[in-house]
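One is the number of the first residue; the rest follow in order along the sequence.
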Amino acid sequence: MNIAQDILNGKSLTKEEAYNIYTDDTIDTMTLLDEAYAIRKHYYGKKVKLNMILNAKSGICPEDCGYCGQSRDMKRKDRYALIPENDIVAGANAAAEHQIGTYCIVMSGRGPSDKEVDHITSSVRQIKQTHPELKVCACLGIANDDQAQRLKDAGVDRYNHNLNTSENYHDTVVTTHSYEERVNTVEIMKAHHISPCSGVICGMGETNQDRIDMAFALKEIDADSIPINFLHPIQGTKFGEMDELTPMKCLRIIALFRLINPTKEIRIAGGREINLQSLQPLALLAANSIFVGDYLITGGQPNEMDYRMIQDLGFEIDHSNLPEDTAEQITQKLEA
């Protein structure tokens, strides 16, 4: 099998080719992962990017997303309005202290009000004054041109707005906004020179073809960063009783996304602990980025376990965005 070499030589898989590779039972998952690793190693070596989420506004949302414990249909949920600026800045300080490269500020809701954008931009300006090297990602929902420009002017580096699923399966997952609205938000951010981050949630009942379509849709919108979430079923949600994934299925999905989006930052994200289980380290043979710490309303494993996992693989944390002296201090601390 020479899939990786063909891709590194400039070949792009077609949808039909990707589908056939993904569904071919004679192609062992570990063999597919080995092909993905050859590509990951070519573009990213053994570096692993670290990301951290702050849930800055929780549970206040009119949307009916079937996977989400913050949706309008959830009767019992943790609800709070946008937290104070000092708390957002404090989160950034913690991110910097824990070697995080990208700090993601997330809000529940359909999209931000102008007042909320003011609140976020003021916080980001303070963060950038203290930690100019820290990449700031905003995940605020559906946004418009004016809001995008204000975020850019404040120093927001990246905007996350996941496609979540395929266009074909979208209406099964959510009915209160359209697939086109999600794509449009990503395009607005790109137009304002904010790096687009967009990903998926696997394990919600989508077909193999849906997964192929998802990977190609992200290629088409040219997402710089692709978080791959695996459904963490939450009781009371539409998909709360679903359990379709196994660790090997998850590895196959990650490998597929690397083959289709060879140069992109691919991140193992929400649900990785409960779905990949003991095979979490193997996911980094295809992915080159992880979320560290807790997610929005579900817990992650302790940071130390992630650092140990990276170290045990012989990989290293990507400090490329840090000043040279700071990166050296961190390395010395880890080796001590």
Side-chain angles (χ1 to χ4, degrees), residues 53-82 104-113 116 137-144 159-189 196-207 210-211 213-215 217-218 221 223 225-245 250 253 267-272 274-275 291 294-300:
I53 292 175
L54 173 76
N55 193 8
K57 176 186 173 184
S58 179
I60 303 172
C61 188
E63 307 301 290
D64 67 350
C65 303
Y67 55 85
C68 186
Q70 301 185 78
S71 77
R72 71 177 190 189
D73 297 331
M74 289 294 290
K75 306 303 179 187
R76 299 176 62 183
K77 55 186 174 181
D78 191 15
R79 293 171 56 94
Y80 53 82
L82 190 55
C104 193
I105 304 167
V106 185
M107 284 174 41
S108 66
R110 178 180 178 83
S113 67
E116 287 173 329
C137 175
C139 178
L140 315 179
I142 297 169
N144 59 40
Y159 197 90
N160 168 259
H161 198 60
N162 291 335
L163 298 186
N164 285 331
T165 192
S166 70
E167 183 173 12
N168 179 64
Y169 198 63
H170 179 271
D171 290 350
T172 302
V173 175
V174 57
T175 66
T176 48
H177 60 262
S178 68
Y179 182 85
E180 290 74 17
E181 285 176 297
R182 286 193 168 270
V183 172
N184 186 55
T185 294
V186 176
E187 294 297 343
I188 285 173
M189 295 302 157
C197 173
S198 189
V200 299
I201 305 171
C202 295
M204 298 190 294
E206 72 279 356
T207 65
D210 286 322
R211 290 173 186 163
D213 290 345
M214 289 151 61
L218 293 169
I221 66 172
S225 179
I226 300 174
I228 301 176
N229 300 276
F230 300 106
L231 181 68
H232 185 158
I234 297 172
Q235 190 172 8
T237 63
K238 180 176 182 178
F239 303 124
E241 304 300 324
M242 194 163 286
D243 183 18
E244 292 191 344
L245 299 173
C250 293
I253 289 168
R267 185 180 322 129
I268 46 173
R272 67 177 167 96
I274 66 165
N275 285 287
F291 274 121
D294 295 337
Y295 303 97
L296 294 178
I297 60 171
T298 58

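Minimum heavy-atom separation, P233 to G240: CB-O, 3.3 Å. Across H161 and I142, no two heavy atoms sit closer than the pair CE1-N, 3.7 Å. When all heavy atoms of N229 and G270 are compared, the closest pair comes out as OD1-N, 2.9 Å. Residues I201 and M214 come closest through the heavy atom pair O-CE, 4.1 Å.
Taking R211 as the reference, E206 meet the salt bridge (Lys or Arg N to Asp or Glu O under 4.0 Å) condition, with sequence neighbours excluded. Applying the salt bridge (Lys or Arg N to Asp or Glu O under 4.0 Å) criterion to E167, with sequence neighbours excluded, gives no partner residue. Checked against side-chain hydrogen bond (donor to acceptor under 3.5 Å, both in side chains), H170 has no partners two or more places apart in sequence or in another chain. Every residue two or more places apart in sequence or in another chain was checked for a side chain to side chain contact (heavy atoms under 4.5 Å, CB included) with D171, and none qualifies. The salt bridge (Lys or Arg N to Asp or Glu O under 4.0 Å) test applied to E187 returns K190, not counting sequence neighbours. Residues passing the side-chain hydrogen bond (donor to acceptor under 3.5 Å, both in side chains) test with S166 are D210, sequence neighbours excluded.
Remark: R272 fails to qualify as a cation-pi partner of F291 under the 6.0 Å distance and 45° angle criteria applied to the six-membered ring.
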Verify side-chain contact (heavy atoms from CB on, under 4.5 Å) between R267 and S225, making sure each step is shown before the conclusion.
CA-CA 7 Å; R267 185 180 322 129; S225 179; 2.4 Å; yes
Determine, step by step, whether T185 and Y159 satisfy the side-chain contact (heavy atoms from CB on, under 4.5 Å) criterion, reporting the C-alpha distance in whole Å, the side-chain angles of both residues, the deciding distance to 0.1 Å, and the verdict.
CA-CA 9 Å; T185 294; Y159 197 90; 3.9 Å; yes
Apply side-chain contact (heavy atoms from CB on, under 4.5 Å) to residues Q70 and I60 and explain how you reach the verdict.
CA-CA 7 Å; Q70 301 185 78; I60 303 172; over 6 Å; no
So N162 and S198, side chain to side chain donor-acceptor pair (under 3.5 Å) or not? Walk me through it.
CA-CA 4 Å; N162 291 335; S198 189; 4.7 Å; no
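Side chains of N160 and P227 form a contact here, defined as non-hydrogen atoms less than 4.5 Å apart. I105 places none of its side-chain heavy atoms less than 4.5 Å from the side chain of C137. Counting only heavy atoms from C-beta outward, the side chains of L163 and V183 approach each other to under 4.5 Å. The closest side-chain heavy-atom distance from L140 to E116 is not below 4.5 Å. Taking the side chain as every heavy atom from C-beta outward, N55 and Y80 approach each other to under 4.5 Å.
Between atom CG of residue N184 and atom CG of residue N144 there is a gap of 10.0 Å, rounded to the nearest 0.5 Å. Here the straight-line distance linking atom CD1 of I226 with atom SG of C197 works out to 9.0 Å at 0.5 Å rounding. To the nearest 0.5 Å, the span separating CE on M107 from CG on L54 amounts to 11.5 Å. The CD atom of E244 sits 9.5 Å away from the CZ atom of F239 when rounded to the nearest 0.5 Å. Distance CZ/R182 to OG1/T165: 10.5 Å, rounded to 0.5 Å. Atom SG of C139 and atom CD1 of I53 lie 8.0 Å apart (nearest 0.5 Å).
A donor and an acceptor atom, one from each side chain of H177 and R110, are nowhere located under 3.5 Å apart. Judged purely by distance below 3.5 Å, without hydrogens or angles, the side chains of N164 and Y67 pair a donor atom with an acceptor atom. Of the N and O atoms on the side chains of E63 and S71, not one donor lies less than 3.5 Å from an acceptor on the other residue.
The 12-atom threshold is exceeded at CD of E180, counting heavy atoms of other residues, nucleotides or ligands nearer than 6.0 Å.
Side-chain atoms of K238 come within 3.5 Å of backbone atoms of T172 as a donor-acceptor pair (strictly under, hydrogens ignored).
Of the options L245, V200, N275, a side-chain contact (heavy atoms from CB on, under 4.5 Å) to I253 is made by L245 and by none of the others.
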